[in-house]
Amino acid sequence: MTGVFLAGLVAGFGVAIPVGAIAVLVMGLAARTSFRVGAAAALGVATADGLYAAVAALGGAALVTVLTPVAGSLRVVAAVILLALATHTAVRALRSVRSGSVAGPGSDTTSGSGGPDAGSRPFAGRWGLETPPRAFTGVLALTLLNPATVVYFAALVLGRQDSAAPALPAAGAFVLGAFVASASWQLLVAGGGTMVGRVLAGRRGRLGTALVSSAIIAALAVVMLVAA
């Protein structure tokens, strides 16, 4: 069982470490809002990876046959959503700066209804991802649109023929390893985003992180469209 868990751990790091649009999204959310929001988004990614690892461990080779015909379509949907999200983030950041609603490092965050977290949520919007529940569910749904993840896990599961453990315990160990690896890496990404947000705490710094994050996400989405 330890070997299966370690295999899941390695597989989880393998799918989580390459920097893509989702990692940039997690880092950008943490930089613009708070670590709580970034951590929720990170756990959304890890949950999606864990679900895909479970499906792969239990479904096996049939998954590749089912997902291959629709992989391109799902990739297009994910790219369109990412483009919309990048545009939404950039536009709202620019509007916040123009309206003067972005809290600077010396802003009073303890008066009125702002509370101690008001200064850390300069781009919070009613329909955005800038609360932990919305960050978790939104990033979870977006990550689930990547069928390559489950194909990746399925290929690794099919390549392991040396485990003598029962099917369900072995699958559980593999899924747990994948989830732990993905969660630890994505939380590290969120922590890095929070550090960036603290360093660039002023109005222009936060605007810059929003625009850079939006540009990178949009570029990666275009790459996804081209690949589809």
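Quick note: residue numbers are just sequence positions, from 1.
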Next item on the list: Answer with yes or no whether the hydrophobic clustering places Val212 together with Val91; edges join I, L, V, M, F, W, Y residues whose side-chain heavy atoms lie under 4.5 Å apart.
Entry: no

Notebook entry, point to check: Between CE of Met27 and CD1 of Ile22, what distance do you get to the nearest 0.5 Å?
Noted result: 13.5 Å

Margin query: Show the nearest heavy-atom pair for residues Ala42 and Leu187, with the distance to one decimal.
Written below: CB-N, 3.8 Å

Next item on the list: Look at the side-chain heavy atoms of Ile, Leu, Val, Met, Phe, Trp and Tyr, link any pair under 4.5 Å apart, and say whether Val80 and Leu83 land in one connected group.
Entry: yes

Next item on the list: May I ask whether Val175 and Val55 are part of the same hydrophobic cluster, defined by side-chain heavy atoms of I, L, V, M, F, W, Y residues being less than 4.5 angstrom apart, directly or through others?
Entry: no

Notebook entry, point to check: Does any N or O in the side chain of Arg32 come within less than 3.5 Å of the main-chain N or O of Gly28, such that one atom is a donor and the other an acceptor?
Noted result: yes

Note to self: Looking at every non-hydrogen atom in both residues, tell me the closest pair between Val139 and Val45 and how far apart they are.
What the structure shows: CG1-CG2, 3.3 Å

Notebook entry, point to check: Rounded to the nearest 0.5 Å, what separation is found between the CG atom of Leu43 and the CG atom of Leu140?
Noted result: 10.5 Å

Checklist line | Nearest non-hydrogen partners of Phe5 and Leu176, listed with the distance | finding: CE1-CG, 3.8 Å

Check: Would you say Leu25 and Leu142 make side-chain contact, with heavy atoms under 4.5 Å?
Finding: yes

Notebook entry, point to check: What closest approach, in Å, do Val37 and Leu129 show between heavy atoms, and which atom pair accounts for it?
Noted result: CG1-O, 3.6 Å

Check: What residues form a side chain to side chain contact (heavy atoms under 4.5 Å, CB included) with Thr194, not counting sequence neighbours?
Finding: Ala30, Phe35, Arg198

Checklist line | Minimal non-hydrogen separation, Ala23 against Val189, with atom names | finding: O-CG1, 3.6 Å

Margin query: Listing request: all side-chain hydrogen bond (donor to acceptor under 3.5 Å, both in side chains) pairs with a residue in residues 11-27, at least two apart in sequence or in separate chains.
Written below: none

Next item on the list: Tell me, with the steps shown, if Asp49 and Thr143 meet side chain to side chain contact (heavy atoms under 4.5 Å, CB included).
Entry: CA-CA 8 Å; Asp49 288 344; Thr143 307; 4.2 Å; yes

Next item on the list: Kindly say whether Phe179 contributes a backbone atom to a donor-acceptor pair with the side chain of Ser182 at under 3.5 angstrom?
Entry: no

Checklist line | Nearest heavy-atom neighbours spanning Ala57 and Phe174 | finding: CB-CD2, 4.4 Å

